[in-house]
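These numbers come from a predicted model, not from an experiment. Below, read A as the first sequence line, B as the second, and so on, with proteins coming before strands; counting in each chain starts at 1.
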There are 2 protein chains.
Amino acid sequence: MINIKKILEEKGVKPSHQRITIMKFMLENKIHPTVEVIYENIIKELPTLSRTTVYNTLKLFELNGLVQPINTGDSELHYDITLDLHAHFKCIECNDIFDIDIVNNDFLDKVKDDGFNILDTQIYFRGICPKCKEKK
Amino acid sequence: MINIKKILEEKGVKPSHQRITIMKFMLENKIHPTVEVIYENIIKELPTLSRTTVYNTLKLFELNGLVQPINTGDSELHYDITLDLHAHFKCIECNDIFDIDIVNNDFLDKVKDDGFNILDTQIYFRGICPKCKEKK
DNA sequence: TATAATATTGTAATGATTACATTGTTGATA
DNA sequence: TATCAACAATGTAATCATTACAATATTATA
Ligand SMILES: [Mn+2]
Ligand SMILES: [Mn+2]
Ligand SMILES: [Zn+2]
Ligand SMILES: [Zn+2]
């Protein structure tokens with residue numbers, strides 16, 4: 001049983017009821033949700049929740065290194081609770097976003113050697129996932 | 001001297017005056033421009049040009065494999081006339097977007113082996129470019 | 001030329017996100 | 001415990017890139 005309160009406090013985020021509930025959802029549902037998805041799932045538990053609070057909270061989490069934003073090119077921004085370097089695969093059939101391990105990151109060295117100071121790396125694939133491929 | 005009309009026709013795009021001018025700009029300025037940047041640069045030459053036409057034209061180019069959209073996470077979409085697989089580096093100081101060669105793409109094989117059918121690959125770095133790094 | 005097909009234009013609508021003002025909550029202090 | 005300040009949550013209005021749509025212009029065809 002993880003202590004969500006402690007996780008927030010360690011990053012300097014005051015653990016309000018809403019923030020704890022949102023962080024709990026992120027930790028228990030690693031599906032790269034959008035603000036809307038988070039809102040729809042939590043509103044049952046927190047009937048007075050405002051969409052603005054979800055927007056504010058995710059931005060606050062991002063600012064304090066608790067989540068990272070994932071831009072898949074569609075209109076809504078996704079958020080990822082997993083912070084270590086990994087790629088994403090978005091299936092155009094089922095719309096799921098899969099985590100893809102990066103086995104070796106030698107390709108970063110080449111960029112650094114060329115004098116670029118890398119602060120963030122995003123690798124993103126679009127295509128058809130194994131499950132949807134089989135269905136056809 | 002390249003024949004822009006032919007480039008468009010080969011992809012099944014009728015070479016109107018506006019489309020030729022926009023394609024010419026893309027070919028002569030490989031800066032990953034946004035719709036707004038394209039519009040601001042071409043309006044001098046085509047005073048009656050509408051922003052909507054630029055939006056429509058770029059979408060048409062994209063649909064016909066003449067450009068690819070580049071999503072850097074900021075509000076506006078960028079377009080790239082270079083279509084072969086390469087990465088992008090956006091400098092947070094000067095906001096320039098640099099092309100980064102991908103020396104080997106073995107990492108794609110791993111994903112394909114896992115049963116994913118890749119249709120598009122985007123690799124994106126954020127950080128500080130060599131020039132801006134030197135200035136500090 | 002007449003007519004149909006296509007392209008361009010300008011304005012209005014959309015929709016995700018942000019700004020802002022108000023209200024609510026918490027925690028320290030007297 | 002009552003007061004007060006700091007902070008958080010809420011709801012509505014504004015923003016802004018993009019798209020939808022209808023009107024007009026241009027081009028191609030007969
Ligand atoms: Mn992920
Ligand atoms: Mn490029
Ligand atoms: Zn799928
Ligand atoms: Zn720079």
Could you state the [atom1]-[atom2] distance from [X] to [N], rounded to the nearest angstrom?
X	N	atom1	atom2	answer
A:Arg19	C:dT25	CZ	C1'	12 Å
A:Ile38	C:dT17	CD1	P	11 Å
A:Asn71	C:dT17	CG	C1'	13 Å
A:Lys59	D:dA8	NZ	P	17 Å
A:Asp74	D:dT19	CG	P	13 Å
B:Leu77	C:dA16	CG	C1'	15 Å
B:Arg51	C:dT11	CZ	C1'	13 Å
A:Ile42	D:dT10	CD1	P	11 Å

Under 4.0 Å between a side-chain N or O of A:Gln18 and OP1 or OP2 of D:dT10? yes

Report yes if a side-chain nitrogen or oxygen of B:Tyr55 is closer than 4.0 Å to either non-bridging phosphate oxygen (OP1 or OP2) of D:dT19; otherwise report no.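 It does not, given that no N or O in the side chain of B:Tyr55 lies less than 4.0 Å from OP1 or OP2 of D:dT19.
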
B:Lys110 and B:Asp114 ion-paired at < 4.0 Å: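 Yes, B:Lys110 and B:Asp114 are salt-bridged.
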
Ion pair present between B:Glu36 and B:Arg51, side-chain N to carboxylate O less than 4.0 angstrom?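 Salt bridge flag = yes for B:Arg51 with B:Glu36.
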
Report the residue (B:Lys14 or B:Glu76) whose heavy-atom-nearest nucleotide on DNA chain D is the more 5′ of the two. B:Glu76

Which part of the nucleic acid, if any, lies within reach of A:Thr48 when heavy atoms closer than 4.0 Å are counted: base, sugar-phosphate only, or nothing? sugar-phosphate

So B:Thr53, base contact, sugar-phosphate only, or nothing? Heavy-atom distance under 4.0 Å. base

A:Phe98 and B:Phe116: side-chain contact (heavy atoms from CB on, under 4.5 Å), yes or no, with the steps? CA-CA 10 Å; A:Phe98 298 84; B:Phe116 290 96; 3.9 Å; yes

Comparing nearest nucleotides in DNA chain C, the 5'-proximal residue of the pair B:Val13, A:Ser75 is B:Val13

N/O donor-acceptor pair, side chain A:Thr52 with base D:dT12, under 3.5 angstrom: yes

Base of D:dT26 paired with side chain of B:Ser16 (donor-acceptor, under 3.5 Å): no

Exactly one candidate in A:His78, A:Gln68, A:His88 meets side-chain hydrogen bond (donor to acceptor under 3.5 Å, both in side chains) with A:His32; the answer is A:His88

Would you give the length of the straight line joining atom OG1 of A:Thr21 to atom CZ of A:Arg19, rounded to the nearest 0.5 angstrom? 12.0 Å

